[in-house]
Amino acid sequence: MPIVITLPDGSKKEYPAAISAYDVAHEISPRLASAAVAAEINSKLVDINTMITEDSDLVIHTFKTDAGREIYWHSSAHLMAQAVKQLWPEVQVTIGPAIEQGFYYDFDREEAFSDEDLLKIEERMKELSAQKLPYSRQELSKEEAIKIFGDMGEHYKIVIIEEIPDGDPISTYTQGDFIDLCRGPHIPHTGVIKAVKLLRSSGAYWRGDERNKMLKRIYGISFPSNKEMRQYMEFLEEAAKRDHRKLGRDLELFSFDDEVGPGLVLWHPKGAMIRHLIESYWTDMHLQNGYELVYTPHVGRSKLWETSGHLGFYEENMYAKMDVEGQDYYLKPMNCPFHLSIYNAKHHSYRELPVRMAELGTVYRYERSGVLHGLMRVRGFTQDDAHIICTPDQVSDEVEKLIVFALDMLKHFGFEEFLIYLSTKPEAAVGSDEEWDMATQSLRASLNKLGLEFDMDEGGGAFYGPKIDIKIKDAIGRAWQCTTIQFDFNEPERFNMEYIGADNQAHRPIMIHRAILGSVERFFATLLEYHGGNLPLWLMPTQMMILPITDAQIEYAKEIQERLRKEGLRCEIDARNEKIGYKIREAELQKIPFMSIIGKKEAEEGRITLRRHGEGDLGVMDFDEAIQRIKEEL
RNA sequence: GCCGAUGUAGCUCAAUGGUAGAGCAAUUGAUUUGUAAUCAAUAGGUUGGGGGUUCGAUUCCCUUCAUCGGCUCCA
């Protein structure tokens, strides 16, 4: 019976009998076949040598597709485990998935893997790759699987097998002397992995739970060619140059100091200027969007934190209490209790709602020492916090406005790519199912209405309400949360918040917490990394540097500076006794957007030159022409 | 907090069981310069902190702090 295979482009191929996916690929092109890592038959990912026995849709995956890459890296993890088992047979294997960039495998081993160990493993992987060992699939029963891994003494595998529901197929993959429990699919043979590099080793808890034993994880990456490996290494180098910690030091934006304390930021003048610009823009936008500004204290009495519940569910993240005249005070880890206290300072009519209260509120949280990371993760930070208090029938409108507002602001800073998540009710939660449904639905409906793509994080909401998070990626692709929009069913209750409705009865309002930038610190870091330090012109602390060639032009340079300042540009003069090449180099390294080199000619003619960072000389021009050129970018 | 690595001048890095050196930056002087580094001199360090071993520690050991990469959590 002939078989018809439909390819992704819609074209059909007919074969007289069953044929393997590999053979189909080979017929399309031998190069495709050699690049193929797996097949997708009727939307199911399978090994490339799988036989196709009926009419099917077929996709051939190579390293170029997302699924192909994942399989490739997953197979690389198996290869690494094989090498480790050969080198240290006593080591137990656990799990080893593909990740966004590469793969890892967790091993149970007493000692950590040293750098020399990693090199040894890498060498062994290359040898195994050269042997082109086929990955072969076996399906077996639960009992058989338990027996096999039990005989090998692989306890972790048995735990995993035992958790597989009865009736589900269990499969293993074998390459050479190595067998691993695995759903698959896998690449056809180890020779497909051409370039491999083990990047680092670290500790990781079994199942990510710190109550469990700490395993030893090895991270690696692999590619079908050395060229791709080289490119990846170059990418890592480039990323290191964009690291906000390096830029922060080189551009004199911020620093940390041992004596001040870990995770506590010192904003230097240039960094402070950028922050000021961000915050002014933020303030303007909030006033334009119907928010009212408030200011609240940095500490509050323990009573407040009891009312809010933070002492119950958040104390481990709070700085220790301080005693003032026999009263306990806490540094604030969040702003909400203060905002709610403002709300509660008077009665509210439904006519006043929604109330939108915003504050750049500085909070302090105790973060475990191992998690601090530059400005991304600190102990004292400023949230661009706001609380929206509204009636149930205002919710949808508010949520939708919020998402638009958030995305508009982020885009203004140059961001274009976002990861959006909708998190739903966790196991332990306050609030009724109706409340959760209503809130979750309005979040979802708003995202849908705005045509935004998002991922669900089932059970990932806070215990007090569902939320939308928007994340932005840093220089090496790690996603950092910025915007968060969270419903809160907990605090309105605890603070006994009310408004008087049209029925003259007291009602409980809906409360939404939200931060758009998230924290100014983290946002600043992501912004720096995203732009590699070359922030949009409106955010640069010095927008132009005037470089007189000799002392004779300093007077003229000052005139120009005055005129530029009147145009609202931040402009400095480098009047040092240095050669022009030196001053240019320094201004370039400081990433100053515009330079104007002023010599005898310009001073006499009353004109100026312009040079753009990264572009070079733009030539001589009249002052007005230069202003126009600069303002094009603002 | 846990696993591992690291910590030498402002920055990037070197060196040794006999108490440290380079480049850049800084300071001073000379030079007045035309689109990415002018020349010279000077100064700068309890080698993260504390303790131990040793005749002697920056080097070896212990401890502590911080940083980096992960785990976990989250703005």
Side-chain angles (χ1 to χ4, degrees), chain A residues 104 106 109-115 117 199-219 243 245-246 249-250 252 255-263 314 316-317 333-335 361 363 365-385 462 469-471 476 480-484 486 513-523 525-526 547-554 576-589 595-602 609-614 616-620:
Chain A
Y104 69 77
D106 285 347
R109 183 195 199 221
E110 282 315 307
E111 324 79 83
F113 291 98
S114 66
D115 289 350
D117 290 343
L199 299 168
R200 62 189 96 89
S201 75
S202 73
Y205 300 102
W206 166 239
R207 304 236 144 134
D209 189 329
E210 65 189 60
R211 287 166 303 193
N212 291 338
K213 181 163 187 188
M214 180 159 276
L215 307 170
K216 303 296 187 294
R217 174 173 298 179
I218 302 176
Y219 286 91
D243 190 310
R245 292 166 297 188
K246 176 172 167 52
R249 193 170 48 237
D250 292 351
E252 299 175 61
S255 68
F256 294 90
D257 186 321
D258 254 22
E259 278 188 30
V260 174
Y314 207 72
E316 60 180 24
N317 284 298
M334 295 189 193
N335 302 300
V363 298
R365 295 183 187 173
Y366 164 68
E367 295 285 353
R368 297 153 104 194
S369 51
V371 304
L372 301 176
H373 179 94
L375 289 182
M376 297 284 193
R377 195 65 183 278
V378 291
R379 286 186 174 154
F381 58 98
T382 301
Q383 291 183 306
D384 67 313
D385 210 354
D469 291 327
I470 303 178
K471 299 187 185 188
I476 57 171
W480 292 92
Q481 182 175 317
C482 288
T483 303
T484 187
Q486 315 184 340
H513 302 262
R514 52 110 276 195
I516 290 177
L517 309 179
S519 85
V520 178
E521 286 74 6
R522 179 178 290 179
F523 183 76
T526 339
L547 311 177
I549 287 175
T550 73
D551 291 356
Q553 287 86 46
I554 290 180
R576 289 177 304 173
N577 177 7
E578 293 290 352
K579 293 181 78 164
I580 196 64
Y582 182 88
K583 296 185 189 181
I584 290 170
R585 177 180 159 78
E586 193 133 302
E588 288 285 349
L589 290 175
M595 277 163 256
S596 182
I597 290 127
I598 304 281
K600 193 172 165 200
K601 252 191 313 187
E602 289 74 30
T609 67
L610 210 54
R611 180 187 164 103
R612 181 71 175 91
H613 168 77
D617 195 3
L618 302 177
V620 189

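Predicted, not measured: the structure shown is a model, and the values here were computed from it. In what follows, every chain begins at residue 1, and chains take the letters A, B, ... in the order their sequences are listed.
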What does the list of N/O pairs under 3.5 Å between the protein and nucleotides 59-68 of chain B look like, with a distance for each?
unit_1, atom_1, unit_2, atom_2, d
B:A66, O2', A:Asp258, OD1, 3.2
B:C68, OP1, A:Arg245, NH1, 3.1
B:C68, O3', A:Arg245, NH1, 3.3

Extract from the structure each pairing of a protein N or O with an N or O of nucleotides 9-12 of chain B at less than 3.5 Å, listing the distance.
unit_1, atom_1, unit_2, atom_2, d
B:U12, OP1, A:Arg249, NH2, 3.3

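If you check every strand for non-hydrogen atoms under 4.0 Å, A:Arg200 touches sugar and phosphate atoms only. Within the nucleic acid shown, A:Tyr582 comes within 4.0 Å of sugar-phosphate atoms alone, with no base atom in reach, counting heavy atoms only. Using a 4.0 Å heavy-atom criterion, one finds that A:Gln481 contacts the sugar-phosphate atoms exclusively. At a threshold of 4.0 angstrom between heavy atoms, the contacts of A:Gly581 are confined to the sugar-phosphate backbone, with no base atom among them. As judged by a 4.0 angstrom heavy-atom cut-off over every strand, A:Arg217 is placed among residues touching the sugar-phosphate backbone only. Among the atoms of the strands shown, base atoms are found under 4.0 Å from some heavy atom of A:Ile597. Using a 4.0 Å heavy-atom distance criterion, A:Ala112 is classed as a sugar-phosphate-only contact. Nucleic acid contact class of A:Val378 (heavy atoms, under 4.0 Å, all strands): base. Counting non-hydrogen atoms under 4.0 angstrom, A:Gly518 reaches the backbone sugars and phosphates but no base.
Between B:U47 and B:U59, the distance separating the two P atoms is 9 Å to the nearest Å. Atom name C1', nucleotides B:U54 and B:C61: the rounded distance is 12 Å, in whole Å. Rounded to whole Å, the separation between the P atoms of B:C13 and B:G48 comes to 15 Å. Going from the P atom of B:U35 to that of B:U67 covers 45 Å, rounded to whole Å. Comparing the same atom, C1', in B:C24 and in B:C73 gives a spacing of 41 Å after rounding to whole Å. When the P atom is compared between B:C60 and B:G7, the two are found 10 Å apart, to the nearest whole Å. Nucleotides B:U63 and B:C55 have their C1' atoms positioned 25 Å apart, rounded to a whole Å. B:G23 and B:A37 are spaced 12 Å apart, taking the C1' atom of each and rounding to whole Å.
A:Ile584 has its CD1 atom 3 Å from the C1' atom of B:U35, to the nearest Å. In this structure, CD of A:Glu578 is placed 10 Å from P of B:C39, rounded to the nearest angstrom. The nearest whole Å value for the distance from the CZ atom in A:Phe113 to the P atom in B:C3 is 16 Å. Rounded to whole Å, the distance from CZ on A:Arg576 to C1' on B:U32 is 15 Å. Atom CZ in A:Arg585 sits roughly 11 Å away from atom P in B:C24 (whole-Å rounding). In this structure, NZ of A:Lys579 is placed 9 Å from P of B:A37, rounded to the nearest angstrom. When rounded to the nearest whole Å, the span between CG of A:Asp117 and C1' of B:A5 equals 14 Å. With rounding to whole Å, A:Arg368 atom CZ is found 13 Å from B:G70 atom C1'.
Between the side chain of A:Arg365 and the backbone N or O of A:Asn317, no donor-acceptor pair lies under 3.5 Å. Remark: side-chain polar atoms of A:Arg522 are not paired, donor with acceptor, to backbone N or O of A:Cys482 under 3.5 angstrom. Listed for the A:Asp617 side chain is no donor-acceptor partner under 3.5 Å among the backbone atoms of A:Arg611. A:Arg377 contributes no side-chain N or O that, together with a main-chain N or O of A:Leu372, makes up a donor-acceptor pair within less than 3.5 Å. A:Lys583 places a side-chain N or O within donor-acceptor distance of the main-chain N or O of A:Pro548, the cut-off being under 3.5 Å. Using modelled atom types, no side-chain atom of A:Ser519 and backbone atom of A:Phe381 make a donor-acceptor pair closer than 3.5 Å. A:Arg379 places a side-chain N or O within 3.5 Å of a backbone atom of A:Glu367 that can act as its donor or acceptor partner. For the pair A:Asp106 (side chain) and A:Leu215 (backbone), a donor-acceptor distance under 3.5 Å is absent. Using modelled atom types, one side-chain atom of A:Arg109 and one backbone atom of A:Ala112 make a donor-acceptor pair closer than 3.5 Å. Remark: the backbone N or O of A:Val520 is not paired with any side-chain donor or acceptor of A:Thr382 at under 3.5 angstrom.
Between B:A75 and A:Gln486, a contact under 4.0 Å exists linking OP1 or OP2 to a side-chain N or O. The phosphate of B:C74 (OP1 or OP2) has no side-chain N or O of A:Tyr366 nearer than 4.0 angstrom.
Comparing atom distances between the A:Arg522 side chain and each of B:A75, B:U35, B:G1 picks out B:A75 as nearest. Checking B:G34, B:A36, B:G1 against every side-chain atom of A:Lys601, the shortest atom distance belongs to B:G34. Of the candidate nucleotides B:G1, B:G34, B:A75, B:G34 has the atom lying nearest to any side-chain atom of A:Lys600. Among B:C73, B:A26, B:U35, the nucleotide with an atom closest to any side-chain atom of A:Glu367 is B:C73. Ranking B:G34, B:A75, B:G70 by closeness to the A:Thr609 side chain, first place goes to B:G34.
Under the Watson-Crick or G-U wobble criterion, with both distances below 3.5 Å, B:G21 is paired with B:C13. For B:C71, the paired nucleotide is B:G1, the pair qualifying as Watson-Crick or G-U wobble because both relevant distances are below 3.5 Å. Across all strands shown, nothing is found opposite B:A43 as a Watson-Crick or G-U wobble partner with both distances under 3.5 Å. In this structure, B:U38 and B:A30 make a Watson-Crick or G-U wobble pair, each of the two defining distances being under 3.5 angstrom. Judged by Watson-Crick or G-U wobble contacts below 3.5 Å, the nucleotide B:U6 has B:A66 as its partner.
Closest approach of A:Asp384 and A:Arg514 over heavy atoms only: O-NH2, 3.1 Å.
In this pair, A:Phe381 lays its aromatic ring flat on the base of B:A75, centres within 5.5 Å and planes under 30 degrees apart.
A salt bridge links A:Asp243 to A:Arg245: at least one charged side-chain nitrogen sits closer than 4.0 Å to a carboxylate oxygen.
Under the side-chain contact (heavy atoms from CB on, under 4.5 Å) criterion, A:Thr483 pairs with A:Ala406, A:Leu410, A:Ile470, A:Ile485, A:Ile516, sequence neighbours left out.
Of the two residues contacting RNA chain B, namely A:Glu602 and A:Arg377, the nearest-nucleotide position lying further toward the 5' end is that of A:Glu602. Heavy-atom nearest nucleotides on RNA chain B were determined for A:Asp551 and for A:Arg207, and the one closer to the 5' end corresponds to A:Asp551.
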